[in-house]
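Scroll down for the structure; my scribbles are underneath it.
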Amino acid sequence: YYSNQYSKISNISNSKLLLILAFFVSTGLLARTGVRFLFLFGPAVVILAAYALNDIYEHSKKIQFGKVALFAIIFILSFNLANTVYQQNSEMGSNLPGQWENSMNWISSETPEDSIIVHWWDYGYWTQTIGNRASVSDGGRAGGDLGIYTLARYGMTNPDSNESLEYFKSRGVTHLLYSGEEIGKYGAFAYIGSDKYYDRKSVIGTFGLAEINEVRKGNKLTYRGKWNLDATLIDDKRIISAGSGYISEINVYIDENGVYAPATAKVVSIGYQNEFEIGCVYLHDVLFDFDGNLDSCIKIIPAISGNNKNDLGALFYLSKKVKDSLFTKLYLHSMNVEGFDQVYTDNQPLALYQGRVIGPIKIWDVSYSGSEQNIDRFLDFDKFVTAYPDHGINTL
């Protein structure tokens, strides 16, 4: 369409540069969407830099002392950048050493050779290579859209543990693995595992202890953070849609016997602010249940900063979409769920450490009652669509 512009581009002295330019532009745009694409962008930058240096060198031949000046500039730039590059690269490495390596070694030595491990897809190659066991999914996303969707919906976010067991049986699963990384990644697999109405789309909110005040009975602990509403909230005649409001503050009331009153959450939106009572509080894995007008839960966890540890220093906010999921029951609350027997955990605490969420790796032995039905629906796309006509498959 722009023939005059095309003629200018096509007259570049080295037409092979067009392919490199196209590679640079496409990978550059990808790099803006996700940090993992920086690895693709790097080679394009290096190749163009090589072309640039070559062209500068050719032009420097025409200038007196041009070559000397060129090499001086390159040396200065390289010297200044070398230390920065070294520091960046020295901090890069595998996440495997430590608790992940220990858990993989345990899998390799303590589980039968024909075991099949289910977990979020990120760790599949570690399970296969270090754990020497088969995994349900990995970075190659075996099973395509249906495989990753069913893993997210029935292996991670499902409130119905019996249905999860039917899914696990369809894949021949013998062991289930969850880690603290799933807390931060919850938003990803909750989105992927949602139906077309985004019934499970949510994130786990993290709040830090901001202040403690004495009240008539015990103490009021105030936690602050930000968690965007994942569903429409109706307060009398005011309707706050998902995403347009957020929780900015949570107050918890504690005495020597534990939590004695419903926790409250402050919901904020444009021209609006109100407090709502939260239905339940988990403190030291003990449930304190109340009649709250928010169908949600909070879990109080320690906060660690340096050598200081506060057992009440942070909390997770678990909305209605999150609080009953299989991950929440097994990993966050350490509940006993039929069909799942915990056989491994490490000594990493579930806590907020230096502002970052950490947690142990836990592994459960999965057993089946024999009453699981229609497991083939998880293996065939057409059967799945027939069984769940209202489901849409959300993929990355």
Side-chain angles (χ1 to χ4, degrees), residues 156-161 164 176 178-187 190 200 202-210 212 217-227 230 247 249-267 275-304 309-338 340 342 345 347-353 356-362 364:
M156 310 295 292
T157 63
N158 199 15
D160 186 346
S161 60
S164 291
L176 167 66
Y178 289 145
S179 76
E181 294 191 25
E182 272 75 84
I183 296 171
K185 295 175 181 177
Y186 198 94
R200 296 183 184 172
S202 187
V203 298
I204 295 176
T206 304
F207 291 74
L209 181 61
I212 301 176
K217 181 181 178 183
N219 293 313
K220 181 177 81 169
L221 282 62
T222 300
Y223 298 82
R224 294 197 176 96
K226 185 176 181 180
W227 181 85
D230 62 7
I247 293 176
E249 180 179 291
I250 294 175
N251 295 302
V252 182
Y253 301 89
I254 295 179
D255 62 14
E256 64 275 8
N257 297 317
V259 182
Y260 66 85
T264 60
K266 181 184 291 185
V267 177
E275 285 196 352
F276 295 84
E277 293 183 346
I278 296 173
C280 67
V281 179
Y282 281 87
L283 175 61
H284 307 311
D285 287 330
V286 176
L287 171 62
F288 295 87
D289 206 358
F290 302 97
D291 293 327
N293 45 20
L294 278 183
D295 188 7
S296 58
C297 283
I298 60 173
K299 179 177 179 65
I300 298 175
I301 61 170
I304 303 171
K309 178 183 178 183
N310 185 342
D311 287 335
L312 307 175
L315 63 79
F316 294 136
Y317 180 77
L318 312 169
S319 73
K320 181 180 179 180
K321 295 182 179 182
V322 178
K323 68 183 183 69
D324 295 321
S325 71
L326 186 65
F327 173 76
T328 300
K329 291 175 182 176
L330 289 176
Y331 187 84
L332 294 183
H333 298 331
S334 301
M335 294 174 62
N336 293 320
V337 179
E338 187 175 356
F340 300 91
Q342 185 175 310
T345 186
N347 58 4
Q348 182 93 288
L350 179 62
L352 188 67
Y353 176 72
R356 180 174 63 91
V357 174
I358 61 172
I361 293 174
K362 297 182 180 181
W364 291 264

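Index from 1, following the sequence.
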>> Taking the ring of Phe207 and the ring of Trp227, is the distance between their centroids below 6.0 Å?
In response: no

Provide the closest heavy-atom pair for [X] versus [Y] in the form atom of the first, atom of the second, distance.
{"X": "Ala314", "Y": "Pro302", "result": "CB-O, 4.4 Å"}
{"X": "Ala190", "Y": "Ser202", "result": "CB-O, 3.7 Å"}
{"X": "Val259", "Y": "Phe288", "result": "O-CD2, 3.4 Å"}
{"X": "Tyr282", "Y": "Cys297", "result": "CE1-SG, 4.2 Å"}
{"X": "Leu350", "Y": "Phe316", "result": "CD1-CE1, 4.1 Å"}

If you define the side chain from C-beta out and look only at heavy atoms, does anything of [X] sit under 4.5 Å from [Y]?
{"X": "Ile250", "Y": "Leu315", "value": "yes"}
{"X": "Arg224", "Y": "Leu209", "value": "no"}
{"X": "Pro349", "Y": "Ile304", "value": "yes"}
{"X": "Asn251", "Y": "Glu249", "value": "yes"}
{"X": "Gln342", "Y": "Leu330", "value": "no"}
{"X": "Leu332", "Y": "Phe327", "value": "yes"}
{"X": "Ile298", "Y": "Leu318", "value": "no"}
{"X": "Val281", "Y": "Asp289", "value": "no"}

> What's the verdict on side-chain hydrogen bond (donor to acceptor under 3.5 Å, both in side chains) for Lys362 and Ser179, showing C-alpha distance, side-chain angles and the deciding distance?
Replying inline: CA-CA 6 Å; Lys362 297 182 180 181; Ser179 76; over 6 Å; no

>> Evaluate Ser325 against Tyr186 for side-chain hydrogen bond (donor to acceptor under 3.5 Å, both in side chains), listing each step before the verdict.
In response: CA-CA 11 Å; Ser325 71; Tyr186 198 94; 3.2 Å; yes

Please check this pair: side chain of [X] against backbone of [Y], looking for a donor-acceptor N/O pair closer than 3.5 Å.
{"X": "Asn293", "Y": "Glu277", "value": "yes"}
{"X": "Thr328", "Y": "Val322", "value": "yes"}
{"X": "Asn219", "Y": "Leu221", "value": "no"}
{"X": "Asp255", "Y": "Gly258", "value": "yes"}

[X] [atom1] to [Y] [atom2] distance, which is reported to the nearest 0.5 Å:
{"X": "Ile247", "Y": "Tyr317", "atom1": "CD1", "atom2": "OH", "value": "3.5 Å"}
{"X": "Leu326", "Y": "Met335", "atom1": "CG", "atom2": "CE", "value": "10.5 Å"}
{"X": "Leu294", "Y": "Cys280", "atom1": "CG", "atom2": "SG", "value": "11.0 Å"}
{"X": "Thr222", "Y": "Ile212", "atom1": "OG1", "atom2": "CD1", "value": "9.0 Å"}
{"X": "Ile254", "Y": "Leu312", "atom1": "CD1", "atom2": "CG", "value": "5.0 Å"}
{"X": "Lys321", "Y": "Ile204", "atom1": "NZ", "atom2": "CD1", "value": "14.0 Å"}

> Could Glu275 and Lys266 be called an ion pair, given the rule that one side-chain N must be under 4.0 Å from one carboxylate O?
Replying inline: no

> Between Asp230 and Lys320, does at least one N-O distance fall below 4.0 Å, as a salt bridge requires?
Replying inline: no

>> Quick one, Lys323 with Asp295, criterion side chain to side chain contact (heavy atoms under 4.5 Å, CB included). Give me CA distance, side-chain angles, the key distance, then yes/no.
In response: CA-CA 9 Å; Lys323 68 183 183 69; Asp295 188 7; 2.8 Å; yes

> How far apart are the C-alpha atoms of Phe276 and Thr264, what are their side-chain angles, what is the distance that settles it, and do they pass the side chain to side chain contact (heavy atoms under 4.5 Å, CB included) test?
Replying inline: CA-CA 5 Å; Phe276 295 84; Thr264 60; over 6 Å; no

> Does NZ or CZ of Lys217 lie under 6.0 Å from the centre of the six-membered ring of Tyr253, at an angle within 45° of the ring axis?
Replying inline: no

